[in-house]
Undergrad: 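Dropping the structure in here first, questions after.
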2 protein chains.
Amino acid sequence: MAQQTGTARRTPLSRERVLRAAVAFADRGGIEALSMRGLAQELDVVPMALYKHVANKEQLLDGMVDMIVGEIAPADGGDGWKAAVRGRVLSARAVLLRHPWAPRVIESRTAPTPGVLGYLDSVIGMLRAGGLSADLAHHAMHALGSRVWGFTQELFPSPPVADPQDRAEALGALSAHYPNIAEIVAARPHEPGSVVGGGCDDRFEFEFALDLLLDGIERLHRSAWSSTPQS
Amino acid sequence: MAQQTGTARRTPLSRERVLRAAVAFADRGGIEALSMRGLAQELDVVPMALYKHVANKEQLLDGMVDMIVGEIAPADGGDGWKAAVRGRVLSARAVLLRHPWAPRVIESRTAPTPGVLGYLDSVIGMLRAGGLSADLAHHAMHALGSRVWGFTQELFPSPPVADPQDRAEALGALSAHYPNIAEIVAARPHEPGSVVGGGCDDRFEFEFALDLLLDGIERLHRSAWSSTPQS
DNA sequence: ACCTGAACACCGTTCAAGT
DNA sequence: ACCTGAACACCGTTCAAGT
């Protein structure tokens with residue numbers, strides 16, 4: 001009675017419904033707010049009811065990752081492997097922008113889920129279809145690293161300093177101890193549209209590094225690079 | 001009395017001693033085992049005693065990061081910016097191999113500590129000393145991302161499958177659903193020295209991607225690249 | 001003034017008692 | 001057989017009572 005308000009029965013729980021609610025919960029309140037107890041309350045259910053559909057919290061997180069990996073746009077052919085991989089990765093990035101908690105959760109997984117393996121397999125397939133050797137494709141995947149999921153580990157979140165005067169003061173304090181950082185921050189172009197809260201242009205930085213890597217991989221491919229050098 | 005066994009007074013607590021113990025604790029038992037209560041017990045002290053030296057657990061983690069950043073070898077001049085940055089980053093990697101918990105903690109920081117800023121500033125300084133523009137140095141730092149700390153986000157930890165027969169079976173199961181992954185795993189060279197537990201050669205993968213990025217940055221530098229294209 | 005035991009408000013998960 | 005309340009073994013941190 002404490003859990004069921006009113007007399008109408010709720011939609012019965014299912015793994016699907018649990019996972020969907022968990023994703024929505026994390027989207028709204030952040031991953032650190034997501035608890036089994038809190039999620040149960042959200043679903044108007046006793047905490048232990050969740051354990052009928054997920055073995056434990058780790059498996060809940062696994063399921064959440066699989067769910068959002070499913071949101072990544074499927075591969076489309078044409079335009080060559082480089083454009084295809086680029087497009088797919090940028091699609092993954094768009095997904096992660098909707099689920100800011102996902103990078104941290106992806107990082108914390110200890111074993112790959114089927115959805116994760118399927119996505120990786122399909123990206124490798126795009127490289128192979130483009131003629132890259134298994135060897136180069138392998139190292140290319142490692143080099144791309146978390147970028148195939150659409151995120152990079154930022155060095156640190158740049159603090160949003162909105163007020164111009166605060167900004168000037170912070171810059172002064174910075175340059176006293178960290179002149180090189182201060183120089184970079186000062187030189188940063190400041191277009192209000194593309195830059196959020198005075199930070200760097202995440203999209204630009206992401207594509208800059210992605211293209212640096214894809215161009216380098218393409219160069220190696222053209223020169224028939226191999227990790228075990230031919231004699 | 002419950003905390004102090006015997007009559008001899010322990011070395012008095014200090015921030016230094018707390019941080020050092022926390023690092024040792026995480027090195028030994030992993031970061032998820034590190035709790036304020038457990039750390040206090042390790043130091044033979046009542047939990048609340050820690051709060052004299054760190055404001056809370058977040059500040060404890062900040063201090064731990066600063067402590068290991070201090071272990072990174074200082075910059076040495078000569079050999080050009082590329083070799084200098086490369087050497088410094090590989091030194092950072094050596095530090096992180098001693099502290100496997102550090103990547104996850106570094107990622108979870110919400111504001112940079114002085115030690116972190118100092119390290120970043122010095123790496124930027126190396127790029128600038130090599131003649132790179134502030135603009136290029138800025139984007140280069142973003143592109144390197146967590147690699148300047150000596151780690152990359154692995155896609156997922158490759159499960160160590162020691163037994164050759166298990167390995168063959170796992171490969172068969174893999175190829176049924178994920179042919180491209182299976183191909184790469186099968187093609188993987190298998191030198192017992194460099195490869196731990198059947199996984200990839202982490203050192204090779206790290207240097208492969210690092211050099212891809214450094215070479216790309218060098219190429220942009222030589223061509224006087226700018227993020228705001230000259231008309 | 002300093003230190004610290006107990007308490008608070010949480011966790012994830014086990015388990016036995018209820019239907 | 002299924003479901004679930006209570007309990008267990010933890011957390012980080014507050015706070016008031018002790019010295």
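Labels below follow one simple rule: chain letters A, B, ... track the order of the sequence lines, proteins then strands, and each chain is numbered from 1. Values in this document were obtained by computation on a predicted structure and should not be read as measured data. As a basis for the values below, the full set of heavy atoms in this structure was taken, side chains included, without hydrogen atoms, waters or symmetry mates.
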Undergrad: Looking at residues at least two apart in the chain, or sitting in another chain, which of them share a ring pair (Phe, Tyr, Trp, His ring centres under 6.0 Å) with A/Y178?
TA: none
Undergrad: Mind checking side chain to side chain contact (heavy atoms under 4.5 Å, CB included) for B/Q59 and listing every partner two or more places apart, or none if nothing turns up?
TA: B/R15, B/V54, B/A55, B/N56
Undergrad: Sticking with atom P, work out how far D/dA9 lies from C/dA9, rounded to a whole angstrom.
TA: 22 Å
Undergrad: Quick one: salt bridge (charged side-chain N to carboxylate O under 4.0 Å, His left out) partners of B/R203, sequence neighbours excluded?
TA: B/E207
Undergrad: Can you check the B/L39 CG to D/dC10 C1' distance for me, whole Å?
TA: 16 Å
Undergrad: Restricting to ring pair (Phe, Tyr, Trp, His ring centres under 6.0 Å), what partner residues turn up for B/Y119, sequence neighbours left out?
TA: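 Counting only residues at least two positions away or on another chain, B/Y119 forms a ring pair (Phe, Tyr, Trp, His ring centres under 6.0 Å) with B/W149.
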Undergrad: A/L97: what forms a side chain to side chain contact (heavy atoms under 4.5 Å, CB included) with it, not counting sequence neighbours?
TA: A/R93
Undergrad: Hey, could you give me each pair passing salt bridge (Lys or Arg N to Asp or Glu O under 4.0 Å) that has a residue in residues 65-76 of chain B? Not counting sequence neighbours.
TA: B/E71-B/R98
Undergrad: In dot-bracket, 5' to 3', how would DNA chain C read with Watson-Crick or G-U wobble pairs under 3.5 Å, [ ] for crossing ones and | for pairs to another strand?
TA: ||.|||||...|||||.||
Undergrad: Work out how far the C1' atom of C/dG12 is from that of D/dT14, and round it to whole angstrom.
TA: 23 Å
Undergrad: For nucleotides C/dG18 and D/dC8, find the distance between their P atoms and express it as a whole number of Å.
TA: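 Per the computed distance, 16 Å lies between those P atoms.
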Undergrad: Quickly work out the B/L50 CG to C/dC2 P distance and round it to whole Å.
TA: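 Between P of C/dC2 and CG of B/L50: 18 Å.
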Undergrad: Which parts of nucleotides 12-19 of chain C does protein reach within less than 4.0 Å, heavy atoms only, written one letter per nucleotide 5' to 3' as B for base, S for sugar-phosphate only and - for none?
TA: BBB-----
Undergrad: Under the ring pair (Phe, Tyr, Trp, His ring centres under 6.0 Å) rule, collect the residues that match up with B/Y51, sequence neighbours excluded.
TA: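 In terms of ring pair (Phe, Tyr, Trp, His ring centres under 6.0 Å), with neighbours along the sequence ignored, B/Y51 is linked to no residue.
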Undergrad: Keeping the roles fixed (side chain from B/R147, backbone from B/T152), state whether a donor-acceptor pair exists under 3.5 Å.
TA: no
